[in-house]
Amino acid sequence: MPTALPMLSVKVLFFGRIRELTGVSEEMSEVPANAKLSDLFALYVGRYPKLAEFRSSLVASRNQEFASWDATLAPGDEIAFLPPVSGG
Amino acid sequence: MPTALPMLSVKVLFFGRIRELTGVSEEMSEVPANAKLSDLFALYVGRYPKLAEFRSSLVASRNQEFASWDATLAPGDEIAFLPPVSGG
Amino acid sequence: MSWNMTENLASDKFTLVREPIVIEDVLRFVRADQDGAVVTFDGFVRNESHGRRTEYLDYEAYESMAIGKMHEIGEQLHQKYAIHRIAIVHRLGRLQIGETSVFIAVSAPHRAAAFDACRYAIDTLKRTVPIWKKEYFADGAVWADGELPPVPPSSKTAS
Amino acid sequence: MSWNMTENLASDKFTLVREPIVIEDVLRFVRADQDGAVVTFDGFVRNESHGRRTEYLDYEAYESMAIGKMHEIGEQLHQKYAIHRIAIVHRLGRLQIGETSVFIAVSAPHRAAAFDACRYAIDTLKRTVPIWKKEYFADGAVWADGELPPVPPSSKTAS
């Protein structure tokens, strides 16, 4: 039997319409140590299935920089899921 | 012996460096009835020879519109000689 | 859209003033609830010119013609760009370092038109509006170089 | 020239505020005697959106990242344009019709750089700064469409 991967903890933020959809502004989340941004998102899609519809109209950030979905997570990362921006 | 051309009267304005050169801001001037803007200017060059140096760096206006040097004058015209503009 | 050209031309503002320009008043003038964007240009007296320390400037204008040319700029802006209101205010007389010589504000429903129009306004003003600037330095004064306005082609045919 | 990039970056201003933006203060902040031009962009709440009458807007931001992205815009502006100072102030919370949501001011010795930089700033802000606007109408509310920021290419090589 394979040993379970160690878990790591990241902070997750939601904004705008997906903050409203999830009802979550900010929380800590546990993911396997080799998880990518896309895995973290999939975890939330499991919890909030409607999130799947937003996948193509979201970007993610890692430590306050826009990040690609295959970026690997590190302990203590601050991850955010960001709808299209509309400031100005 | 030809009859003398009738004269007409125009208002003449000077601005900027050529106002300083002539010492004239505004005056009435008499010119022959078929005179052009260039003739009026030549009349002033006769009075203020240094004006000749400015001929290529001046524009003239007739009734508050930029005008070509061969524009014919009419009684009561308001003529101005304008150095390069530097507003703003 | 709730703006239209007739209304706008009537409510634009083209003035020459001898007192300090109150920027907030000009901004308030062009802003309306149907707009979303105002772009402004604030031109003011620099402390140096061609490497020499400026003390102050004197501006003079062919006032009636200058106002006419500012109105023409306004007409061109409404023809070219989907803007709402324009204000162009130019100061005359003696200006100290840092004082605003010209303030232009353009309101529009969308920012691209406001940017384009404001820039066109100051570029055109500098080429066509009969205003002159004399620069005073510790050791003398000069008339600024300036630009020669475009003049209509000769009315003669070649002979 | 008396401006330089190190000095400027230290003296730029990038802020998020919850109170009305005082435009005169921002203008005063960017203006210095060695400049000759300030271009500003004032973005404010329109009374309609897609043909519906707006009642008010709510703005929210990922504040720490938004400030970071505004600083990045500032760095890009100093790299691209010969400008002096930049101020970008964005308001958050509830805004009524006509209230300024964003005000950008750029000072420069020459106007072309100020225009280009101010426009680049607002265009880039609208694409890259994590701020969101919710529009309230008599019969409901919607999140504004917005733009999806560009994201760095995948870190994986094809496999």
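All values derive from a computational prediction rather than experimental measurement. The sequence lines fix the lettering, A, B, ..., with proteins before strands; numbering per chain opens at 1.
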- prompt: Closest heavy-atom contact between R31(D) and D42(C)?
  reply: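 It is NE-OD2, 2.8 Å.
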Exercise: identify the closest heavy-atom pair between A37(C) and F41(D):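 In this case the closest contact between A37(C) and F41(D) is CB-CE1, 3.6 Å.
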Find the distance between [atom1] ([X]) and [atom2] ([Y]) and round it off to the nearest 0.5 Å.
{"X": "R111(D)", "Y": "R119(C)", "atom1": "CZ", "atom2": "CZ", "answer": "8.0 Å"}
{"X": "E48(C)", "Y": "D33(D)", "atom1": "CD", "atom2": "CG", "answer": "11.5 Å"}
{"X": "F115(C)", "Y": "D123(D)", "atom1": "CZ", "atom2": "CG", "answer": "7.0 Å"}
{"X": "T40(C)", "Y": "L27(D)", "atom1": "OG1", "atom2": "CG", "answer": "6.0 Å"}

Side chain to side chain contact (heavy atoms under 4.5 Å, CB included) partners of R28(D), counting only residues at least two apart: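 Applying side chain to side chain contact (heavy atoms under 4.5 Å, CB included) to R28(D) gives E24(D), D25(D).
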message: Please output the residues of residues 98-107 of chain C in contact with chain D, using a heavy-atom cutoff of under 4.5 Å, in numerical order.
response: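 Residues of residues 98-107 of chain C touching chain D at under 4.5 Å: G98(C), E99(C), T100(C).
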field: Region of A112(D) that comes under 4.5 Å of a non-hydrogen atom in chain C
entry: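 A112(D) touches chain C through backbone and side-chain heavy atoms alike.
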- prompt: With a cut-off of 6.0 Å (strictly less than), are more than 12 heavy atoms of other residues, nucleotides or ligands near CZ of R53(C)?
  reply: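 No, CZ of R53(C) has 12 or fewer neighbouring heavy atoms, counting only those of other groups under 6.0 Å.
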query: Measuring heavy-atom distances to chain D, does V45(C) have an atom under 4.5 Å in its side chain, in its backbone, in both, or in neither?
result: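 It is the backbone, since no side chain atom gets that close.
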